[in-house]
2 protein chains.
Amino acid sequence: MEVRKELLEIGCPIGVTQNIMAGKWKLVIVWLLKDDTKRFGELRRALPQIRQGYLTQQLRELERDGLVHRKVYNVVPPKVEYSLTDIGIRFLEVMNKMYEWGEEYSNLIKNLCK
Amino acid sequence: MEVRKELLEIGCPIGVTQNIMAGKWKLVIVWLLKDDTKRFGELRRALPQIRQGYLTQQLRELERDGLVHRKVYNVVPPKVEYSLTDIGIRFLEVMNKMYEWGEEYSNLIKNLCK
DNA sequence: GTACATAGTATCATAAGACGTACTATTAAA
DNA sequence: TTTAATAGTACGTCTTATGATACTATGTAC
């Protein structure tokens with residue numbers, strides 16, 4: 001894990017979190033890794049809308065920031081497995097709250113539509 | 001509150017939440033409104049880095065999405081007060097989790113720096 | 001010796017987000 | 001009659017984020 005010292009300069013823990021989860025697909029990727037390790041190809045097939053290069057980039061950022069572990073098997077054809085680290089697993093608590101609130105919010109606006 | 005039906009089409013509550021909190025200053029604004037109503041000028045002075053037009057825009061989006069209430073007093077010079085709505089207050093739970101996790105994460109990388 | 005599979009890279013194009021500066025309406029007070 | 005204060009708007013610019021397409025390495029199976 002490469003430490004990004006500039007994150008500490010933000011000063012506010014919320015700002016740190018916001019910075020790390022920024023990126024259109026990062027939350028979805030973490031969510032997909034929630035229960036088990038996944039190979040690169042599995043993630044790609046699970047997210048057909050996302051271009052391969054961008055998936056790689058997002059995964060590398062998650063790895064750099066220490067949420068995701070990347071395990072390379074030295075075989076041909078290549079095999080790489082992604083999984084959540086401890087701090088990545090603890091990030092799921094944030095996502096659970098986001099889920100709860102998002103559900104509540106959705107119900108609210110559904111009612112307004114009636 | 002203007003209902004954004006496209007949010008419901010996202011399908012995933014986390015995606016809904018992510019969509020609503022997107023925007024560089026929205027979380028900070030909600031945080032500033034956490035305890036009490038604030039006038040526009042107070043927010044502006046609290047956030048000198050943010051340009052006035054952009055602050056207005058972020059506030060309008062928060063109002064549109066129902067997190068923030070905007071109360072206009074019909075006086076001169078103008079007076080406008082911003083406060084959190086019920087669903088906005090409940091959003092603070094998400095932010096609290098972000099705070100906790102961000103703190104934990106910051107401690108982790110501080111230790112790595114040693 | 002050709003094709004296939006995986007996990008990528010490289011390059012360019014476009015769209016979205018954020019920024020800077022300048023401008024407005026209104027009335028009360030100087 | 002000019003100035004000050006508040007809460008904005010209206011541009012144009014610039015940067016960052018995301019998207020599309022094409023290309024690479026390597027060993028195994030055919």
Side-chain angles (χ1 to χ4, degrees), chain A residues 4 6-7 10 12 15 17-30 32-33 36-65 67-83, chain B residues 2 4 6-7 9-10 12 15-30 32-33 36-65 68-83:
Chain A
R4 285 204 288 152
E6 75 271 20
L7 286 179
I10 293 176
C12 172
T17 306
Q18 190 180 16
N19 186 297
I20 284 179
M21 62 192 255
K24 194 168 171 184
W25 298 98
K26 283 196 188 150
L27 295 183
V28 187
I29 292 170
V30 170
L32 284 171
L33 295 176
D36 49 358
T37 287
K38 289 234 161 56
R39 292 188 61 175
F40 181 82
E42 291 182 271
L43 292 172
R44 185 161 50 76
R45 281 187 293 277
L47 301 167
Q49 319 96 306
I50 172 174
R51 161 190 62 103
Q52 192 172 5
Y54 197 52
L55 176 58
T56 300
Q57 184 190 314
Q58 301 274 84
L59 282 167
R60 290 295 157 82
E61 287 180 18
L62 286 168
E63 186 198 5
R64 174 199 62 190
D65 292 339
L67 302 217
V68 157
H69 178 68
R70 179 166 174 267
K71 182 169 185 185
V72 182
Y73 294 83
N74 216 348
V75 295
V76 169
K79 174 174 176 179
V80 179
E81 278 180 355
Y82 292 93
S83 58
Chain B
E2 165 196 338
R4 286 204 288 152
E6 75 271 20
L7 287 179
E9 286 157 21
I10 294 177
C12 172
V16 170
T17 306
Q18 189 179 18
N19 187 298
I20 284 179
M21 63 192 255
K24 194 168 172 183
W25 297 98
K26 283 194 188 152
L27 295 183
V28 187
I29 293 169
V30 170
L32 284 171
L33 295 175
D36 48 358
T37 286
K38 290 234 161 59
R39 293 187 61 175
F40 182 81
E42 291 183 90
L43 292 173
R44 186 161 49 74
R45 283 186 292 277
L47 300 167
Q49 318 97 305
I50 172 173
R51 162 188 61 105
Q52 193 171 5
Y54 196 54
L55 176 58
T56 300
Q57 183 190 313
Q58 300 273 84
L59 283 166
R60 290 295 157 82
E61 286 180 18
L62 285 167
E63 187 198 6
R64 174 200 62 191
D65 292 339
V68 157
H69 178 67
R70 179 166 175 266
K71 182 168 185 185
V72 182
Y73 294 83
N74 216 348
V75 296
V76 169
K79 174 175 177 180
V80 179
E81 278 180 353
Y82 291 93
S83 57

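Proteins come first, then strands; the chains are lettered A, B, ... in the order of their sequence lines, and each starts at number 1.
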Enquirer: What is the distance, to the nearest angstrom, from the CG atom on B:Leu55 to the C1' atom on C:dG20?
Expert: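 Checked: the CG to C1' distance equals 15 Å.
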Enquirer: Could you work out, with side chain to side chain contact (heavy atoms under 4.5 Å, CB included) as the rule, every residue matching A:Arg51, not counting sequence neighbours?
Expert: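 By the side chain to side chain contact (heavy atoms under 4.5 Å, CB included) rule, A:Arg51 matches A:Tyr54.
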Enquirer: Rounded to whole Å, please give me the gap between CG in B:Asn74 and C1' in C:dT27.
Expert: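 So the CG-C1' distance, B:Asn74 to C:dT27, works out to 13 Å.
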Enquirer: Under the rule for side chain to side chain contact (heavy atoms under 4.5 Å, CB included), what residues qualify as partners of A:Arg44, not counting sequence neighbours?
Expert: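 Per chain and number, A:Arg44 pairs via side chain to side chain contact (heavy atoms under 4.5 Å, CB included) with A:Phe40, A:Gln52, A:Leu55.
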Enquirer: A:Gln49 versus A:Lys24: any side-chain heavy-atom pair under 4.5 Å?
Expert: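 When only atoms from C-beta onward are counted, A:Lys24 and A:Gln49 do not touch, as no gap falls below 4.5 Å.
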Enquirer: Going by the rule side chain to side chain contact (heavy atoms under 4.5 Å, CB included), which residues pair with A:Glu61 if we only count those two or more places apart in sequence or in a different chain?
Expert: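 Partners of A:Glu61 under the side chain to side chain contact (heavy atoms under 4.5 Å, CB included) test: A:Lys26, A:Gln57, A:Gln58, A:Arg64.
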Enquirer: Let me know the distance between OH of B:Tyr54 and P of C:dA16, rounded to the nearest Å.
Expert: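 For the pair B:Tyr54 OH and C:dA16 P, the rounded distance is 14 Å.
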Enquirer: I'd like to check A:Arg60 versus A:Arg70 (side-chain heavy atoms, cut-off strictly below 4.5 Å). Are they in contact?
Expert: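 A side-chain contact under 4.5 Å exists here.
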Enquirer: If you define the side chain from C-beta out and look only at heavy atoms, does anything of B:Tyr82 sit under 4.5 Å from B:Glu63?
Expert: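 No, side chains not in contact.
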Enquirer: Is the phosphate of C:dT26, meaning OP1 or OP2, less than 4.0 Å from a side-chain N or O of B:Tyr73?
Expert: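 Checking B:Tyr73 against C:dT26: no side-chain N or O falls below 4.0 Å of OP1 or OP2.
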Enquirer: Less than 4.5 Å apart, any side-chain heavy atom of B:Ile50 and any of B:Leu43?
Expert: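 A side-chain contact under 4.5 Å is absent here.
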Enquirer: With A:Arg4, which residues qualify under salt bridge (charged side-chain N to carboxylate O under 4.0 Å, His left out), at least two apart?
Expert: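 Once residues adjacent in sequence are excluded, the partners of A:Arg4 under the salt bridge (charged side-chain N to carboxylate O under 4.0 Å, His left out) criterion are A:Glu6, A:Asp65.
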Enquirer: Where along residues 21-28 of chain A does a heavy atom fall under 4.0 Å from DNA chain D?
Expert: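 Heavy-atom contacts with DNA chain D come from A:Gly23, A:Lys24, A:Trp25.
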Enquirer: Can you measure A:Leu59 atom CG to C:dG8 atom C1' for me and round it to whole angstrom units?
Expert: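 To the nearest whole Å, that distance equals 11 Å.
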Enquirer: I need the B:Leu59 CG to B:Leu33 CG distance, nearest 0.5 Å.
Expert: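 If I round to the nearest 0.5 Å, the distance is 7.5 Å.
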Enquirer: What range of DNA chain D does chain B touch, first nucleotide to last, counting atoms under 4.0 Å from its heavy atoms?
Expert: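 Listed 5' to 3', the contact boundaries are D:dA5 to D:dT9.
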Enquirer: Between A:Tyr82 and A:Val76, which has a closest nucleotide on DNA chain C that is more 5'?
Expert: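 Its nearest nucleotide being more 5', the pick is A:Val76.
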Enquirer: What is the distance from CD of B:Gln57 to C1' of C:dC19, rounded to the nearest Å?
Expert: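 In whole Å, C:dC19 C1' lies 11 Å from B:Gln57 CD.
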Enquirer: Using a 4.0 Å cut-off on heavy atoms, which residues in residues 37-52 of chain A reach DNA chain C? List them by number, or say none.
Expert: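 Here the set is A:Arg39, A:Phe40, A:Gly41, A:Gln52.
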Enquirer: Suppose we screen for side chain to side chain contact (heavy atoms under 4.5 Å, CB included). Which residues come up paired with A:Lys79, at least two apart in sequence or across chains?
Expert: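 A:Arg39, A:Tyr73, A:Val75, A:Glu81.
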Enquirer: By side chain to side chain donor-acceptor pair (under 3.5 Å), which residues pair with A:Asn74, not counting sequence neighbours?
Expert: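 Residues passing side chain to side chain donor-acceptor pair (under 3.5 Å) with A:Asn74: none at all.
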